[in-house]
Number of protein chains: 2
Amino acid sequence: MTIYDIAKKCNVSIATVSRVLNGSDRVSEKTRAKVLAAMKEQDYAPNPFARGLGLDSMKMVGVLCSDVADAFYAKAVSLIENALQKHNFDVMLSCTGECNGKDIKALRYLMQKHVDAVIIIGTPFAVQGNVAAIKKIAEQIPLVTINNNYKLQGTYSIVCDEQTGMRNAVYALANKGCRSILYLYDSLTYSGQHKLTGYKQGVLELGLDAQPALIQKTPRTFEAVESMIHMLLKQKVPFDAILTSEDILAVAAQRIARRNNRCVPVIGCNNSIIAECATPTLTSLDNQLDCLCETAIKTVIHLMQSNAPALPSKTVFDAKLIERESFQIHPQ
Amino acid sequence: MTIYDIAKKCNVSIATVSRVLNGSDRVSEKTRAKVLAAMKEQDYAPNPFARGLGLDSMKMVGVLCSDVADAFYAKAVSLIENALQKHNFDVMLSCTGECNGKDIKALRYLMQKHVDAVIIIGTPFAVQGNVAAIKKIAEQIPLVTINNNYKLQGTYSIVCDEQTGMRNAVYALANKGCRSILYLYDSLTYSGQHKLTGYKQGVLELGLDAQPALIQKTPRTFEAVESMIHMLLKQKVPFDAILTSEDILAVAAQRIARRNNRCVPVIGCNNSIIAECATPTLTSLDNQLDCLCETAIKTVIHLMQSNAPALPSKTVFDAKLIERESFQIHPQ
DNA sequence: TTGTATGCGTTATCAA
DNA sequence: TTGATAACGCATACAA
């Protein structure tokens, strides 16, 4: 079924069919009805490739992240996909994995596929050495990032101020009397770096225990966290609270600590479903993913529709501490 | 940059450029090198829409599920995306939401977009009334389903035998002396129905307590599960074990039960990350998602490459009970 | 209000 | 080993 077939069936030209297809008002109601009927009868749908070739667009936006299996990215992708669907855009999903350098390749690949826009969700992008490439891409299509910031002209960055959030979390713990806050993280992405900075800032401002052993990097597995905590206990590193860059690290650390009779206040980050699954339920820093995604979508849609009024190149939301049971525990 | 530009630069025809682009061996090494060099220099990439129009394919497969935010679907999508990427296929993600009837629309939509194949991950599809439509789709492109089965010719179904898995879970609980196993579920998808059937089968075969109050439907929230358990306790429904269709229900039920001093063995399903986050860690029925996805990809790739030897229309994997702490508890 | 003709960038089929 | 040219299906400028 092509536009030609429909035209023939209706004794009109393909131009007329194309017009009703695109909702032009320069068609008589009579012929419009006739064509519409024929389309319905033949179950006709325009060929997206041909349309794409003509319009240089397939109404598709590329969504990039390191791994959709991760709860945070999964939720972001879900929100984005739902919103884009409402605007009649499709999403082409591309996951880069943790492997560094693969992300810029994925971005280039999306460009080759002529997506209408790209949304990048907090991947640890290798900006250095790729500034020119990214800039060039941003000149061609809208490029918006969530929890990530290239600081390049033409890119739009929607972030949560996790740095201040983490700083506030440190303050909250200090308010409970904690002086030696153990900080666990797994990677230093854009987001990861800011969290760590916020922790350090809080510790510095309040004059808390700042010994290096209180900052530990660990893989995101229960086993790794377990051996980490065991090591710290053995070395008698005197932590009286735990703060982590990820809920999963907090859940793991909390359990191991408690099993070793070290019941301290614990705060995670991301406020994902697993925070509620833990016992005691986990206090967590919510990074307002819903707001971030909503704004990202609005920005992308706006940029694709017009090149009208300028949009802020950076939008910042505040993180919010969601207090749960793990916060009601008093330090030893 | 088009094929014409490259051709002009090299003093050859577009046909020759097209040949080196597609790796034809009917090109002299000399001209091939020349063309390749020009392509590299100009950073040329073929227009995917034009190619799509010519080949009627954009090397893209549609992936359909109800919600990527859900851990199970997220992991499935992740596995599928990674595998397809290796085969140089892109994925177009489409989430239908729980709303019934939306799924067939999404499938039709993917067809209009001329994807090369569709993978459907366990959505509660409205088959009745749409048999003809689905059949027609399966005739046109490969259609494989994970934990879902249309039982229609031309569709390929990869499933985990969760029915037997649930039956075995009931046996395992019975072995510990449990007689009144509470079963919680949230929806009756293809997967959900089989799980429930497996539970009933086990109860029947072993002559366990089969009172209707032991089977309860509840939304997937902590609050809902909490009021459900409270109600059961108030009505003195005498359960001595809990089995659920989803890990999250098990985690919630386990917590509420324990807080009411009802420490019974608990088994969830899906063996997701939250099973490990619970305290005590949750025993869970693993539905072998990795195997399911791997097989799905193999099937899809095979079907797209050739119409050679027939593939099984149904592939079944066994579920596997992963025993954790929640299973070491003895019924009261 | 409608029709004709052309361009979009490939692939594929011939012929040379 | 190459080149000319016809599809592919649609949008659109221009003509009627």
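Here is how names work: the chains are called A, B, and so on, in the same order as the sequence lines, proteins then strands, and each is numbered from 1.
Between the side chains of N270(B) and N287(B), at least one donor-acceptor pair of N or O atoms lies under 3.5 Å. Donor-acceptor pairing under 3.5 Å is recorded for the side chains of S78(B) and D67(A). A donor-acceptor contact closer than 3.5 angstrom is absent between the side chains of N148(A) and S191(A).
Here dT1(D) presents its P atom at 9 Å from CD of E29(B), a figure rounded to the nearest Å.
Across all strands shown, N11(A) has heavy atoms under 4.0 Å from sugar-phosphate atoms exclusively, and none from any base.
A close approach under 4.0 Å does occur between a side-chain nitrogen or oxygen of T16(B) and OP1 or OP2 of dG3(D).
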Exercise. Where along nucleotides 5-16 of chain D does protein come under 4.0 Å, by heavy atom, of base (B) or sugar-phosphate alone (S), with - for untouched nucleotides?
Worked result: B--BBBBB----
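Although no hydrogens or angles enter the test, the distance criterion places a donor-acceptor pair under 3.5 Å between the side chain of T295(A) and the main chain of C291(A).
Between D90(A) and K59(A), no side-chain nitrogen of the basic residue sits less than 4.0 Å from a carboxylate oxygen of the acidic one, so the salt-bridge criterion is not met. The pair R19(B)-D25(B) does not meet the salt-bridge criterion, since no charged nitrogen lies less than 4.0 angstrom from a carboxylate oxygen.
Nearest heavy-atom pair, K34(B) versus C10(B), reported as atom, atom and distance to 0.1 Å: NZ-O, 3.2 Å. When all heavy atoms are compared, the tightest approach of A106(B) to T96(B) is CB-CG2, 3.8 Å.
Once you apply a 4.0 Å limit to the heavy atoms of chain B, the touched nucleotides of DNA chain C run 5' to 3' over dG9(C) to dA12(C).
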